[in-house]
Structure formats: structure tokens, C-alpha cells
Amino acid sequence: MRNGEIAEAFEELASLYELDGVVVYRVVAYRNAAKAIREAGVSVEEMARQGRVEELSGVGKTIAEKIDALLETGSIPAAEKLKARIPSGLIAVTRIPGLGPKRARLLYETLDVASLDNLREAAEQGRLKDVPGFGAKAEENVLTALAAGADGSPKTRTLLSKALAIGEELVGALRDHSSALKVELAGSARRWGDDVKDLDIVAASSDPAAFVEAFGSSPAIDVVHSSGEAGARAVTHTGLPVDLRIVPEEAFGNLLQHFTGSGKHNEALRTAAVKRGLHVSEYGIADDESGDSLAYATEEEVYERLGMQWVPPELRENRGELEAARAGRLPQLIELDDIRGDLHMHTTASDGHASIEEMAEAARERGYQYVAITDHSASHGFGDDVQPDELLRQVERIRALELEGITVLAGTESNILLDGSLDYEDPVLEQLDWVVASVHTSFRTPEKEQTERMMNAMEHPLVDAIGHPTGRLIERRAPYAIDIDRVIAKAVETGTFLEINANPDRRDLNDVYAKAAGEAGVTLVIDSDAHWPHTLANMRYGVATGRRAWLTAEQVANTRPWAELDKLRKRSR
DNA sequence: GCCGTTTTCGGCCCGACTGTTTTCAGTCG
């Protein structure tokens with residue numbers, strides 16, 4: 001069973017217990033365990049088999065036993081028992097704004113509301129407003145939410161690249177406002193997560209009223225729901241919620257820290273601070289001993305006051321960054337400027353939209369020293385295939401190029417066939433400078449075969465890197481079934497690089513797997529997979545994933561000049 | 001239910017808002 005599926009079972013269990021009314025800390029414990037399982041980076045099923053799940057922070061004896069039961073029988077006995085008493089349809093009811101577990105439970109007990117359909121009926125018949133603690137307003141809010149399309153599913157998220165396009169535009173315009181003192185994008189966008197629920201903008205302004213007014217009349221903003229001197233809540237034309245918060249400049253550091261999150265990072269940071277008699281909020285840090293509360297203008301000062309290094313936003317997920325920051329041992333994270341070349345891109349020979357020269361020139365303008373042209377291969381289909389003779393002609397053209405200031409490498413993104421072999425013969429591959437191997441077919445192959453397919457490909461002496469190793473498309477397609485631990489181990493053993501594909505729809509390897517790979521000693525490459533000259537700029541999403549994976553420049557091959565990278569790969573061993 | 005620079009028991013972040021209330025519980029971020 002995959003980590004995500006195990007995590008989901010515990011999230012459901014937490015919701016059921018919450019509806020049952022157990023002490024909140026038990027619910028929190030199950031949710032924390034679910035998060036730890038989801039982000040484990042290695043197979044939790046495998047850990048369970050080895051009796052090691054309690055090594056995960058947040059998993060103790062009780063939850064370990066429940067994991068065992070889940071893996072053995074396919075369900076958690078406690079959850080089955082609860083479902084006999086509490087309809088699981090109530091979980092959807094708790095996702096209606098304004099309704100939480102307590103109120104959903106009350107509706108179940110008084111009105112027999114066990115699903116969203118029941119809820120709609122009760123509200124339409126005017127029965128909701130007579131329940132103690134409810135009123136006309138509550139009933140109206142439920143009907144409004146249902147009419148607006150609330151369907152009890154978790155909130156929709158927006159791909160980071162789409163959210164950033166809007167957020168950077170908004171922030172840029174607000175910085176130009178005459179009253180702007182400080183303006184920053186916060187929240188998960190600042191942490192460079194895969195996707196975001198909303199945009200958080202924090203600001204200091206000499207004239208908050210005028211500033212909020214300017215925000216509300218930005219071209220990207222559709223409706224402003226509420227606004228005042230402290231900020232505003234609005235929605236863009238694309239339906240993305242945006243929160244603007246304003247504080248005095250002297251507390252800007254506290255506000256930025258608070259709204260950058262993550263929630264889990266802040267929670268852990270505050271819990272640790274309380275033990276030292278310090279209380280952290282978005283307004284300042286209160287000290288039990290002196291009795292006063294101090295505000296800080298910068299985040300650096302906030303973290304310093306709490307006795308630790310400033311934590312880069314990409315690391316703020318409560319994955320060990322607080323311990324590292326206290327010990328002064330945060331890694332020196334890779335930066336976009338460290339990248340020397342891009343080793344995965346397409347041209348019109350396959351499904352790209354520009355020539356070799358256009359791609360190379362755009363890369364040179366970005367300051368790169370080298371690029372590899374890696375068009376799709378012989379079995380690719382969709383009319384985008386490149387047959388061996390065509391590839392060899394492309395190699396000749398590349399060798400004959402006369403471009404100043406950039407090295408163009410002849411490469412391929414060769415399909416990994418079902419048996420793990422590539423779709424070019426070795427004599428063809430030997431003519432190339434760089435080989436990326438990727439899975440583009442048979443996504444639904446069972447895990448064992450899919451894993452062995454990829455491991456076989458890594459055994460090939462000419463395969464330099466595996467492209468987008470899990471095949472996921474964020475929000476659109478789940479990763480194919482693959483045992484990532486075995487893939488990582490094989491990458492270490494064979495000296496094959498694993499790619500972080502920087503396409504913002506992919507970001508594959510993801511942060512969790514890339515961190516596991518880095519820790520195991522895998523060398524990674526970060527590539528744009530560009531199909532146009534301008535999408536070479538997607539590199540920043542890959543570097544962000546690398547930063548979220550705690551990677552240093554040292555661990556990423558293409559931070560080196562080509563001659564050095566060349567010596568690092570398996571064919572030079 | 002988990003966990004330990006205060007602890008193997010007794011805690012477990014902080015603040016704002018809403019709607020229903022005579023002082024606050026529940027929800028949300």
C-alpha cells in the first residue's frame with residue numbers, strides 16, 4: 001500500500017474520531033501521523049514490515065498497531081467500528097464553511113443529517129434555524145454555500161505557476177504604489193509548494209486606506225469581499241482567493257513569518273518557544289519573564305530572538321528544519337544562479353516549437369554554459385518520433401554548429417520500453433553526448449514490473465539520467481506505481497542521475513522523493529524539459545523543488561561545468 | 001495519542017471572526 005493511501009486512512013480515522021467527540025489532541029495526533037506517513041520519503045509499508053514505523057515522529061505504539069492492521073486486512077478496525085455509529089457522509093458536511101465537527105454532529109443528532117443531501121433538504125425546509133446554536137443566518141449561509149457549488153470535497157488548489165503569475169504581478173504593482181513601504185508574497189507561494197489554496201500578500205504602508213483601495217482596483221481582482229485599514233480579502237478573475245494584510249513597518253517581520261507558514265512549522269516553532277517562556281504571534285514575541293512584547297521588522301530578527309538561524313521559506317514544513325536551525329546546521333541550499341546548463345529540452349524535430357539554434361541562444365542569454373538537445377525518440381508516436389537516421393543527422397548538424405559562448409550537446413530523451421530496454425540501438429546511443437531515459441507508455445504497469453523496468457534502464461551503461469521518474473502531473477495524473485526506494489538504491493548503485501523535471505506541471509521527482517534521493521547519495525540533475533525558448537525559465541520551479549528537498553549545489557550535477565559533470569557520470573567510472 | 005533542555009505524566013500555538021449569545025463555543029487560517 002502506498003504512503004498516500006495509508007495517510008488517507010488515518011485522515012479519515014481522525015475525522016471520524018473528531019465527529020465522535022474525542023479529545024482534540026487525539027485527533028491532532030492522528031492527523032500528525034497521517035502527515036508523517038505521507039511525507040515519509042520511503043515506503044511506510046516496508047518500514048512496517050521491518051517493525052520500524054515508530055521511528056516516524058508522530059507514530060507511537062497505538063498507531064503502529066493500526067498500520068499493521070490496515071496493511072494486513074485493508075482497513076483499520078477502529079474506523080470500521082466508528083463508521084457503524086457515525087455516517088462517513090458527515091465528513092463532507094464538516095467541509096461546508098461554518099460547519100465543523102461539533103455542529104455537524106449536532107445536526108446528525110437533532111435532524112438526522114447524515115449527508116450533504118440531507119443537509120440541503122433540512123436547510124430548504126427551514127429546519128436548520130431551530131437547532132440550538134443555529135439561527136436564520138446559519139441556515140442562509142449553508143444554502144449560499146451549497147448554491148455556490150460547495151460539494152464537500154477538499155478545497156480546490158491552483159498550480160503554483162498560475163498563482164505566481166498573478167501574485168508576482170499584484171506584488172509588483174503594489175510595490176509601485178506611493179505609500180508602499182514593504183510588500184511581499186507570503187504563504188505557500190513563498191514556500192514554492194506544488195500548488196496553493198490562496199495567495200497571501202503582506203505589506204507595510206504609510207497610507208493603508210489608499211493602499212487597500214489600490215489593491216481592490218487592481219486589474220486582476222474581480223470582487224473584494226471585505227476591506228479595512230488592516231487589509232482585504234478578494235478573489236481574482238480566475239477564482240483564486242487573495243488575502244492582503246497590513247501591519248506597521250516595525251512588526252513586518254512578525255507578520256511575514258506568520259503568514260509564510262506553514263501552519264505546522266509555526267505550530268512547532270511556537271510550541272518550542274513556549275518552553276522558553278516566549279509566545280509568538282503575528283504581532284510580536286511576548287516574554288513571560290520581562291512581561292513585555294516586542295515586534296520585529298525583519299524575519300531574521302524573529303528567528304534570531306528564538307535562538308536559531310533564519311529558515312529559508314522552502315524548508316518551513318516541519319520536516320526537521322527547526323532542529324537544524326537551532327543547531328546552526330541548515331544546508332546551504334542550491335540557488336538558480338548555481339545552474340550552469342540545462343540537459344533536457346525539445347526542438348521541432350519532435351514536439352518542441354523552436355530550432356536547435358533558437359533554444360541554444362535562449363539558453364546562452366540565460367547565462368548557461370551548455371545545453372543538451374533531447375528530442376523524443378523512435379517509438380514516441382503522435383508524429384513526434386525521431387527515427388535513428390534522423391537522430392544521426394541531427395547529431396551531425398549539432399557538431400557543425402558555430403555558436404559562440406555555449407556548448408550544444410547531442411542527446412535524446414529515449415523511451416524506456418516495457419522490458420527496460422531503450423528504443424535506440426547502442427551504436428546509435430554511442431554517437432550521443434547525453435542520454436535521458438524516460439517512461440512515456442504503459443503507465444498502468446503493476447508496481448513490481450514498473451520498478452524493474454526502470455531499474456533495468458538504469459543498468460544500461462549509456463543512460464545518464466532518468467527523466468521525470470514518477471510520471472506524475474500535479475492535480476491531473478497520479479504517479480505511476482513504482483517502488484521509489486528500490487529506484488533510489490539502484491541509482492546509487494549504478495551511478496545514474498535522477499532528474500528533477502522543472503516543468504511546473506510535473507516537478508518530478510517531488511520534494512519528498514528528491515530529499516530521500518539526496519540523503520541516499522544520489523546525484524540529481526535539474527532540467528527544464530523546455531518545448532519553447534521561454535520555458536527554459538521553468539528552471540526556477542525545479543530549483544525550488546530542489547531547495548524544498550534540502551539539496552545543496554554540490555548534489556546537483558548541472559551546477560558544474562560540463563567537463564566536471566562529464567567526469568561524475570557512470571560512463572567515466 | 002504522542003512525547004521529553006520541565007516531564008514516563010501532564011501537557012499539547014495564537015488570534016480573529018461569527019453568530020449566537022448575556023459571557024462564549026465553534027470555526028478558521
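Just so we're on the same page: letters track the sequence lines, and every chain starts at 1. It should be emphasised that the depicted structure is a prediction, and the values quoted were computed from it without experimental measurement.
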- [ ] Could you say whether A:Lys275 or A:Ala29 is positioned toward the 5' end of DNA chain B, judged by the nucleotide with the nearest heavy atom to each?
- [x]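 Going by which nucleotide is closer to the 5' end, it is A:Ala29.
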Open item on the list: Both A:Arg270 and A:Ala64 contact DNA chain B. Taking the nearest nucleotide for each, which residue is further toward the 5' end?
Closed with: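 Here A:Ala64 is the residue nearer the 5' end.
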With [atom1] as the reference atom in both, quote the distance from [N] to [M] in angstrom, rounded to an integer.
N      : M      : atom1 : result
B:dC12 : B:dT6  : C1'   : 14 Å
B:dT18 : B:dG1  : C1'   : 31 Å
B:dT20 : B:dT8  : C1'   : 43 Å
B:dG11 : B:dT7  : C1'   : 9 Å
B:dG10 : B:dA25 : C1'   : 25 Å
B:dC3  : B:dC13 : P     : 15 Å
B:dT21 : B:dG26 : C1'   : 13 Å
B:dG4  : B:dG19 : P     : 41 Å

Open item on the list: Among A:Leu509, A:Leu336, A:Ile500, exactly one meets side chain to side chain contact (heavy atoms under 4.5 Å, CB included) together with A:Ile526. Which residue is that?
Closed with: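 Going through the options one by one, the only one that passes is A:Ile500.
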Could you tell me whether the side chain of [Y] reaches within less than 4.5 Å of the side chain of [X], counting heavy atoms only?
X        : Y        : result
A:Glu267 : A:Ser262 : no
A:Arg38  : A:Glu8   : yes
A:Arg507 : A:Arg472 : yes

Mind checking [X] for me? I need base, sugar-phosphate or nothing, with any heavy atom below 4.0 Å counting as a touch.
X        : result
A:Pro132 : nothing
A:Ile63  : sugar-phosphate
A:Asn32  : nothing
A:Tyr30  : sugar-phosphate
A:Val280 : sugar-phosphate
A:Arg26  : base
A:Leu106 : nothing

Task: Partner nucleotide of B:dC17 by Watson-Crick or wobble geometry (both distances under 3.5 Å) - done: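 Answer to the pairing question: B:dG26, which forms a Watson-Crick or G-U pair with B:dC17.
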Task: For A:His468, ring-ring contact (aromatic ring centres under 6.0 Å, His included) partners two or more places apart - done: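 In terms of ring-ring contact (aromatic ring centres under 6.0 Å, His included), with neighbours along the sequence ignored, A:His468 is linked to A:His440.
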Open item on the list: Can you tell whether the side chains of A:Asp194 and A:Arg548 come within less than 4.0 Å, N to carboxylate O?
Closed with: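 Looking at A:Asp194 and A:Arg548, the cut-off is not met.
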Open item on the list: For chain A and DNA chain B, what are the first and last nucleotides along the strand, 5' to 3', with at least one atom under 4.0 angstrom from a heavy atom of the protein chain?
Closed with: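 The footprint of chain A covers B:dG1 to B:dG29.
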TODO: Establish, yes or no, whether the cationic atom of A:Arg26 lies under 6.0 Å from the six-membered ring centre of A:Tyr17 and within 45° of the ring axis.
DONE: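 Judged by the rule (NZ or CZ under 6.0 Å from the ring centre, within 45° of its axis), A:Arg26 counts as positioned above A:Tyr17.
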Open item on the list: Would you say CZ of A:Arg540 has more than 12 non-hydrogen atoms from neighbouring residues, nucleotides or ligands within 6.0 angstrom?
Closed with: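 Yes, CZ of A:Arg540 has more than 12 neighbouring heavy atoms, counting only those of other groups under 6.0 Å.
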